[in-house]
Amino acid sequence: MDERKKNLDDLLSDLGVLEEGLPQVELKEKAAPEKGPKEALEEFLVGLLLHLDPRHSVEVRQEGEVLKAEVLGGDLGRLIGKEGRTLKAVEYLASVYLAKRFGGSHRVQLDAAGYRKRQEERLRKLALEAALQVELSQTPLHLPPMRPSERRVIHMLLKHHPKVTTESQGEGEERHVVIYPRAVSEAPGEEA
């Protein structure tokens with residue numbers, strides 16, 4: 001190394017970089033393209049799920065105003081939680097996030113390891129067995145307490161059943177579906 005270039009200032013000076021002569025550069029931020037609800041949901045879920053298990057991945061598809069997200073890989077039992085509570089909580093958080101960004105027009109359905117599909121099939125089987133029992137016995141049947149989404153599945157499934165009708169009864173945690181025999185004169189879709 002040359003003896004004249006003993007310090008950093010000398011080296012910078014030789015390169016033409018001086019404190020006094022620093023060029024003024026104006027940085028312009030590029031506006032990030034606005035993400036749609038699908039991309040925003042995917043980004044939100046990936047960020048959240050990485051804290052639970054880095055092996056999780058998310059597939060999001062949009063069907064009209066419904067965004068269906070499937071979580072894959074990792075410890076899905078931990079994500080589902082007891083009776084699906086953790087899964088439902090994450091779904092709720094994702095819904096609130098989307099509502100704040102895009103308004104309340106989008107619904108989120110979150111599933112992991114086919115849990116929701118299995119639950120819906122279990123409810124479907126319960127509803128059809130209960131409807132058959134009410135049809136044969138002609139006496140009302142009280143189903144166990146359920147969350148609103150579960151009660152809705154029962155109501156929708158039996159809505160057009162020719163022999164039975166449904167109604168929710170109770171308050172709070174005790175709210176449940178009651179299946180009644182349909183009156184002979186009552187057609188499906190009519191209210192008595």
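The structure presented is a predicted model; accordingly, all values stated were derived computationally and were not measured.
- Summarising the local packing, CZ of Arg101 is surrounded by more than 12 heavy atoms from other residues, nucleotides or ligands at distances under 6.0 Å.
- Under a hydrophobic-cluster definition in which Ile, Leu, Val, Met, Phe, Trp and Tyr are linked whenever side-chain heavy atoms come within less than 4.5 Å, directly or via other members, Leu123 and Met156 are assigned to different clusters.
- Between Arg78 and Thr86, the closest side-chain pair of non-hydrogen atoms is not below 4.5 Å.
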Which is it for Arg147 and Glu150 under the salt bridge (charged side-chain N to carboxylate O under 4.0 Å, His left out) test, yes or no, and what are the steps along the way? CA-CA 5 Å; Arg147 291 190 295 272; Glu150 295 172 330; 3.5 Å; yes
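- Two residues are said to be in side-chain contact when any heavy atoms from C-beta on lie closer than 4.5 Å; Arg116 and Gln119 fail this criterion.
- In this structure, Val178 and Thr166 have side chains that are not in contact, with every pair of non-hydrogen atoms separated by 4.5 Å or more.
- Across Arg182 and Leu158, no two heavy atoms sit closer than the pair NH2-O, 4.1 Å.
- Once rounded to the nearest 0.5 Å, the distance linking NZ of Lys163 with CG of Leu132 reads 11.5 Å.
- Between the CE atom of Met146 and the NE2 atom of His176 there is a distance of 9.5 Å, given to the nearest 0.5 Å.
- Atom OG1 of residue Thr165 and atom NE2 of residue His160 lie 11.0 Å apart, to the nearest 0.5 angstrom.
- Of all the heavy atoms in Glu42 and Val58, the pair that sits closest is OE2-O, 3.8 Å.
- By the rule that hydrophobic residues join a cluster once side-chain heavy atoms approach within less than 4.5 Å of another member, Leu50 and Leu48 end up as members of one cluster.
- No hydrogens or angles considered: a donor-acceptor pair under 3.5 Å links the side chains of His155 and Ser168.
- Atom CD of Glu120 has 12 or fewer heavy atoms from other residues, nucleotides or ligands within 6.0 Å.
- We find the CD1-NZ distance between Ile154 and Lys159 to be 15.0 Å, quoted to the nearest 0.5 Å.
- A salt bridge does not link Arg107 with Glu65: every distance from a Lys NZ or Arg NE/NH1/NH2 to an Asp or Glu carboxylate oxygen is 4.0 Å or more.
- For the pair Asp111 (side chain) and Glu70 (backbone), a donor-acceptor distance under 3.5 Å is absent.
- Here the shortest heavy-atom pairing between Glu91 and Leu110 reads OE1-N, 2.8 Å.
- One hydrophobic cluster, built from ILVMFWY side chains closer than 4.5 Å, holds both Val134 and Val153.
- Separating the NZ atom in Lys125 from the CG atom in Leu157 is a distance of 14.0 Å, to the nearest 0.5 Å.
- Put simply, the side chain of Gln62 gets close to the backbone of Gly64: a donor and an acceptor are under 3.5 Å apart.
- With contacts defined as side-chain heavy-atom distances shorter than 4.5 Å, the pair Lys35/Glu43 qualifies.
- When all heavy atoms of Glu83 and Tyr115 are compared, the pair lying nearest together is C-OH, 3.2 Å.
- A side-chain donor from one of Gln169 and Glu167 sits under 3.5 Å from a side-chain acceptor of the other.
- In the hydrophobic cluster analysis, where Ile, Leu, Val, Met, Phe, Trp and Tyr join through side-chain heavy atoms closer than 4.5 angstrom, Leu45 is grouped together with Phe102.
- By the 6.0 Å contact criterion, CD on Gln138 is enclosed, its count of non-hydrogen atoms from other residues, nucleotides or ligands being greater than 12.
- Nearest heavy-atom pair across Gly74 and Asp53 is CA-OD2, 3.4 Å.
- A parallel orientation is assigned to the rings of Phe44 and Tyr97, their planes being inclined by less than 30° (bins at 30° and 60°).
- Between the side chain of Arg118 and the main chain of Ala113, a donor-acceptor pair closer than 3.5 Å is present.
- A heavy-atom distance below 4.5 Å is not found between the side chains of Arg175 and Pro148.
- Atom OG1 in Thr139 sits 11.5 Å away from atom OH in Tyr180 (nearest 0.5 Å).
- Across Ala127 and Ile179, no two heavy atoms sit closer than the pair O-CD1, 4.4 Å.
- Hydrophobic cluster membership differs between Leu72 and Val60, with clusters built from Ile, Leu, Val, Met, Phe, Trp and Tyr side chains linked at under 4.5 angstrom.
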Give the intermediate values and the outcome of side-chain hydrogen bond (donor to acceptor under 3.5 Å, both in side chains) for residues Glu135 and Gln133. CA-CA 5 Å; Glu135 186 180 336; Gln133 185 178 342; over 6 Å; no
